[in-house]
Amino acid sequence: MALSDALRRKRSGSSASVAPEVADAQDSLEQRIRAHMAKGRVTVTLTDNRYTMISVRRVPKERRYEVRLHHMFADADPVITRALAHYIAENDAEASGILGDFIDGNSGHVRGRARRQPAQVIYTAGEFHDLRRVYDELNAKYFANKIDAVITWGQKNGRPRRRNSIKMGSYAVEDRLIRIHRSLDREFVPRFFVAWIVFHEMLHQVHDIRVKNGRREFHSKEFMADEAQFAQFAEAKRWERSHLDALLTY
Ligand SMILES: [Zn+2]
C-alpha cells in the first residue's frame, strides 16, 4: 500500500507550516475579535482564497468558532473586528452588511480579481451533504490539511431526466475550484460516496497533469494508485455501479 511520491510529499510537509509573521497576524486578529465577544473561543486562519473571504465553522456546544478569513482582514480596524465578532457568534445581519462593504472595498487585494471575472457563488451546504465538512475531513485525514481549494455544489438544473452521463465532480486548476454535481446532494446518496468524489477532485491538486504521447493525462498510474488509498474505495465503486441509473436521473 505504498503512497505515490506526490501524495507522500504533500503529507510529510512540515505540519504547522505557517510563516511566523502569518502566525502573529492570526494571533493578533484572534485577540482583536475576541475582545468584542462575550463568550467563546475563536481560532483564525488567514487565507488567500479568491472566492471565500469569510468562512465560519461553529461548534455551538463548546462555543468554539473556527474562522477562515482572507488576508485583507489582517489589519482590520475595530469597527470591522467588532462586526466580525458579531457575525461569527450570532450571524448578525447588520454585521454581515458591514463586512460585505469592507470586502467590496478591498477586493483589489484579492489575488487574480484583476481578471474581473464575476465572483463565483459558493454553495457548500447542500440539502443532505455539507461539502465543507466532507472536504475538511478528507483534507485532515489524507492530505495533512495541505489542499487549498474552494469547493461548491454545481448549479441546480431543470427538470429531472435520465442523462447519458454526468460529470460528478470537476477541478479547475486556475481557480482551485472543486465543483460537485447536485445529483449527489440527495438522500439516497451515502456520505462516503460524496467523499469519494471529493477525494478524487482533491487529488487533482496533488498530481499535475502531464503530457504523455502528445495528450494530457489526467489520471496517471500514480493518480489511480493514490485514489485507491481511499478507505471506502471498493465500496464506493460498488455503490456507484448499483446506483448509476438513479444518479444519472437528475
Ligand atoms: Zn479526475
Side-chain angles (χ1 to χ4, degrees), residues 1-11 13 49-52 112 117 120-124 126 128-157 163-186 189-250:
M1 294 273 272
L3 290 170
S4 85
D5 289 342
L7 184 53
R8 195 179 303 128
R9 239 179 291 130
K10 280 273 178 194
R11 277 182 168 178
N49 270 340
R50 233 200 283 177
Y51 298 119
T52 318
Q117 55 200 166
Q120 173 86 32
V121 181
I122 301 297
Y123 305 95
T124 54
F128 297 98
H129 297 288
D130 184 339
L131 288 179
R132 177 93 225 170
R133 282 254 171 95
V134 172
Y135 169 94
D136 284 346
E137 280 172 26
L138 292 168
N139 208 5
K141 182 171 178 188
Y142 294 99
F143 302 100
N145 290 317
K146 291 280 195 285
I147 301 292
D148 178 19
V150 180
I151 189 163
T152 183
W153 289 108
Q155 298 297 326
K156 286 193 172 130
N157 41 16
R163 293 156 203 276
N164 292 324
S165 73
I166 59 170
K167 202 168 175 48
M168 287 190 277
S170 65
Y171 176 64
V173 177
E174 273 175 63
D175 298 327
R176 297 174 166 262
L177 181 68
I178 296 171
R179 190 178 277 121
I180 304 297
H181 201 286
R182 287 266 180 186
S183 170
L184 301 191
D185 188 28
R186 287 187 285 175
V189 182
R191 195 174 197 273
F192 72 80
F193 186 75
V194 178
W196 181 53
I197 300 297
V198 173
F199 179 71
H200 175 103
E201 301 309 333
M202 291 171 88
L203 276 178
H204 276 300
Q205 190 173 95
V206 178
H207 292 270
D208 296 330
I209 296 162
R210 288 182 308 203
V211 177
K212 198 174 172 184
N213 303 328
R215 299 184 56 188
R216 286 191 301 166
E217 188 188 43
F218 289 96
H219 304 120
S220 62
K221 245 197 277 167
E222 294 82 3
F223 183 103
M224 292 194 292
D226 278 348
E227 193 183 36
Q229 299 294 310
F230 183 66
Q232 284 146 303
F233 180 70
E235 205 178 341
K237 286 272 196 197
R238 254 199 320 274
W239 190 90
E240 181 179 21
R241 268 198 302 277
S242 54
H243 293 81
L244 203 51
D245 259 316
L247 281 173
L248 290 175
T249 306
Y250 183 75

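All ligand and atom numbering here is 1-based and tracks the order in the structure.
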Practice task
Please list, in chain and residue-number order, the protein N/O/S atoms closer than 2.8 Å to the Zn ion (ligand 1).
Solution key: H200 NE2, H204 NE2, H219 NE2
Problem - Residue of the set Q232, E227, M168 for which side-chain contact (heavy atoms from CB on, under 4.5 Å) holds with W196 - result: E227
Handout entry: With H200 via ring-ring contact (aromatic ring centres under 6.0 Å, His included) - residues at least two apart
Key = H204, H219, F223
Practice task
Please identify each residue that fulfils salt bridge (Lys or Arg N to Asp or Glu O under 4.0 Å) with E137, with sequence neighbours left out.
Solution key: R191
Practice task
Kindly state whether the ring of F193 and the ring of H243 have centres lying under 6.0 angstrom apart.
Solution key: no
Fill in the blank from the handout: Taken in chain and number order and not counting sequence neighbours, the residues that satisfy side-chain contact (heavy atoms from CB on, under 4.5 Å) with N139 are Y135, F143, N145, I147, M202
Exercise for the section: Can you measure from CG (L131) to CG (L138) and round to the nearest 0.5 angstrom? Expected result: 10.5 Å
